[in-house]
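Letters go in sequence order (proteins before strands), and every chain restarts at 1. Keep in mind that what you see is a predicted model, and the values were worked out from it rather than measured.
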Amino acid sequence: MILKPEELQDPKPEGDAVSRRRFLQLASAAAMSGAFSACHSQYTNTSFISVPPGQTVARFPEKAELLLLTDRPPQLETPIHYFREDLTPNEAFFVRWHYEGIPTYIDLRTFRLKVGGHVDKPLTLTLDELKHQFDATSIVAVNQCSGNSRSLFLPRVPGGQWKNGAMGNARWTGVRLKDLLQRAGVKSGAVDVSFGGLDEAPLFNMSKFVKALGIEHALSDEVLVAYSMNDKPLPMLNGFPLRLVVPGWYATYWVKSLASIKVLPEKFHGFWMDKAYLIPKNADAVETPENLATDTVPINKMNVRSLIVSPDLPDLVRAGATAEIQGIAFDSGSGISKVEVSIDGGKNWQAATLDSDALGKYSFRRFRLPWTPQSSGAYQLASRAYTNDGKFQRVFDQWNKSGYMRNVIEQREVTVI
Amino acid sequence: MITRKQLLALVGFVILGAIIIWIGRDDPSQRPKIEEQPPVQTPVTQPSTQSDFNQITLPHDDPEFPPGPGRELFLARCTVCHSLRYITMQPNFSKKVWAKEVAKMINTYKAHITGEEAREIINYLATVKGTDQDGASNSKLK
């Protein structure tokens with residue numbers, strides 16, 4: 001049965017149908033709040049002050065103090081000062097799970113990665129076998145949630161209310177997915193490869209979180225099954241013991257606690273590919289509340305972004321003294337060609353210097369600009385990045401109903417004393 | 001007159017009841033606290049590569065929600081799958097948006113909520129996290 005939202009908004013006529021208990025509930029609640037009608041406009045919001053304003057921080061196992069979005073399942077955001085390092089520490093790396101049934105206990109004696117489906121000889125591998133029977137390879141890559149910065153969209157959209165910290169940059173080490181698939185022997189006619197983790201849906205009729213990549217992408221050199229993050233085992237909350245690494249693509253594809261890889265002779269049609277994580281089919285994933293996109297595609301490559309990480313509170317910037325404006329830029333792997341910085345809210349721009357690209361084209365690329373403000377007051381700092389394939393950040397009304405792929409030029413006010 | 005046997009049974013039930021109440025009591029001091037943990041400089045307990053096991057225990061601390069019609073139903077149905085922080089972290093939304101969200105939980109995620117229950121939950125959400133004008137744009141909210 002499908003329930004229509006419109007039908008759910010109007011309370012049913014409550015004649016004889018109101019039970020005595022329901023009447024007492026209503027009456028007592030009304031007496032307590034002074035508002036008889038739940039949707040009476042002058043009484044909205046007033047009772048929610050018990051929830052403290054501001055940001056809640058939480059410490060979860062193997063994690064530093066992170067910004068708490070939700071605790072069941074855990075969703076934790078990285079405070080922005082961690083992006084002053086090129087590699088985001090494991091303990092500070094953001095956390096996002098979809099269902100409450102996440103793995104909290106792994107016994108490596110029984111853990112197996114299965115590779116099966118449309119293959120000649122299905123594999124069942126222990127972590128040790130994975131480490132010792134296949135070549136190890138490493139890549140530094142940004143892992144960014146599709147909904148990073150969702151809370152900045154206007155009008156606001158429902159969903160995880162991330163600021164800019166649903167991302168991180170790490171060195172991922174593991175085996176190439178390609179090597180696993182070749183060992184298993186992909187049969188001709190393979191179309192997609194699906195990936196499932198150990199997380200489970202809370203109700204039996206909910207769809208398990210499974211993602212898929214096209215077979216060509218799965219057989220490319222860069223997709224890894226990683227057992228190491230910044231040269232350490234993955235934290236449980238980031239997918240111990242194995243995680244799919246899909247450089248340049250949004251984190252939704254980086255399946256955590258990866259346990260099942262399945263080659264398919266047809267297009268994969270799971271809920272998490274067909275119904276969730278869809279974006280309007282245009283370059284910037286744009287639509288308007290009045291005119292929602294009807295043509296949608298699964299979210300895929302990341303668009304170009306940059307973010308100033310310093311100066312930030314509690315840094316003091318003094319008039320006449322030289323400070324450094326510093327930030328990070330990244331895209332889906334074409335590489336950053338240029339970053340410009342503005343100190344006047346985007347009226348004038350000057351080129352920042354880029355740090356070495358030694359960490360590779362999927363990594364954060366750091367930019368710096370010395371800044372000597374001549375007078376005290378408020379300054380609007382902003383940055384915009386350009387890519388090797390001709391993309392760049394703009395100021396525009398980027399909006400979509402799911403709050404995905406935000407990449408407009410972000411501004412940050414800094415007070416010079 | 002009650003017999004000696006009946007009296008004994010009665011006393012037994014009372015004692016059993018007391019034990020059950022004692023075991024099931026909700027002692028606030030025993031609840032895990034998320035926000036009051038002291039800051040730690042080097043907080044990492046990395047899983048050991050030597051160990052065959054890795055195990056974590058997740059902290060949990062749901063926020064309080066104010067009284068009002070629909071509160072109990074809201075708590076009962078929504079916490080089956082997720083923490084109440086899913087609601088507290090949202091900005092205020094119009095009743096229209098809340099209706100869409102609850103409908104999504106039912107239609108898409110198969111939450112076990114009837115239409116009548118959904119109306120009550122939506123009214124509660126629109127009371128505690130609503131906007132002034134039903135259906136108006138949220139853009140004025142920051």
Side-chain angles (χ1 to χ4, degrees), chain A residues 2-9 11-12 25-26 29 32-33 38-39 41 43-45 47-48 50-51 56-65 68-74 90-91 100 104-109 154-156 158 160-161 202-203 205-206 232-233 235-237 240-241 275 289, chain B residues 34-35 37 39 43-47 49 52-61 63-64 66-70 80-83 85-86 88-93 95-97 99-103 106-110 115-116 118-119 122-124 126-130 132 134 137-139 141:
Chain A
I2 299 295
L3 295 170
K4 292 191 178 134
E6 319 66 88
E7 289 170 7
L8 297 178
Q9 284 177 71
K12 266 185 153 181
Q25 274 179 353
L26 283 169
M32 283 163 88
S33 66
C39 48
S41 60
Y43 293 109
T44 49
N45 304 338
S47 48
F48 213 66
S50 65
V51 177
T56 307
V57 296
R59 274 201 55 208
F60 274 61
E62 304 174 295
K63 288 283 161 186
E65 283 192 347
L68 176 69
L69 271 69
T70 61
D71 50 347
R72 181 171 63 92
N90 291 5
E91 65 270 24
E100 69 157 7
T104 56
Y105 177 82
I106 300 285
D107 182 346
L108 291 176
R109 295 172 306 183
L154 286 175
R156 296 286 297 269
Q161 298 298 319
L203 300 177
N205 49 359
M206 285 181 174
K232 285 171 275 192
M236 280 291 267
L237 292 173
F240 181 88
K275 297 275 164 50
Chain B
I34 287 191
E35 286 154 74
Q37 295 177 17
V44 197
T45 356
Q46 283 294 342
T49 39
D52 281 339
F53 302 100
N54 192 6
Q55 183 168 18
I56 58 171
T57 306
L58 297 173
H60 179 57
D61 182 27
E64 293 289 330
V80 168
C81 294
H82 60 75
S83 152
R85 289 188 187 275
Y86 269 75
T88 49
M89 80 162 157
Q90 303 301 328
N92 293 345
F93 284 127
K95 195 167 168 185
K96 192 174 156 192
V97 172
K100 273 190 194 164
E101 286 304 294
V102 174
I106 299 168
N107 298 328
T108 308
Y109 292 102
K110 315 296 179 196
E116 199 168 333
R119 283 181 198 97
I122 291 160
N123 279 337
Y124 180 74
T127 309
V128 297
K129 289 289 272 182
D132 289 348
D134 189 28
S137 161
N138 299 310
S139 58
L141 297 167

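When all heavy atoms of A:Gly160 and B:Met89 are compared, the closest pair comes out as CA-CE, 3.4 Å. Between A:Arg72 and B:Tyr86, the shortest heavy-atom contact is O-CE1, 3.8 Å. For the pair B:Ala99 and A:Pro5, the tightest heavy-atom approach, listed with the atom from each and the gap, is CB-O, 3.6 Å. Of all heavy-atom pairs spanning B:Phe93 and A:Arg156, the tightest one is CE2-O, 3.6 Å. Taking all atoms of both residues into account, the shortest heavy-atom contact from B:Asp61 to A:Asp71 is N-OD2, 2.9 Å.
No side-chain heavy atom of B:His82 sits less than 4.5 Å from a side-chain heavy atom of A:Glu100. Inter-residue side-chain proximity for A:Pro241 and B:Asn54 is flagged as unmet; no heavy-atom pair is nearer than 4.5 Å.
With a 4.5 Å cut-off on non-hydrogen atoms, A:Pro158 touches chain B through its backbone and its side chain both. At a 4.5 Å heavy-atom cutoff, the contact between A:Ile106 and chain B is made by backbone and side-chain atoms alike. At a 4.5 Å heavy-atom cutoff, the contact between B:Glu101 and chain A is made by side-chain atoms alone. Using a 4.5 Å cut-off between heavy atoms, B:Ile56 touches chain A through backbone and side chain atoms alike.
In this structure, CZ in A:Phe60 is found 9.5 Å from NE2 in B:His60, a value given to the nearest 0.5 Å. From B:Arg85, atom CZ reaches atom CG of A:Leu68 across 5.0 Å, with rounding to the nearest 0.5 Å.
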Problem set entry | Verdict with reasoning, A:Arg109 to B:Phe53, per side chain to side chain contact (heavy atoms under 4.5 Å, CB included) | CA-CA 8 Å; A:Arg109 295 172 306 183; B:Phe53 302 100; 3.0 Å; yes
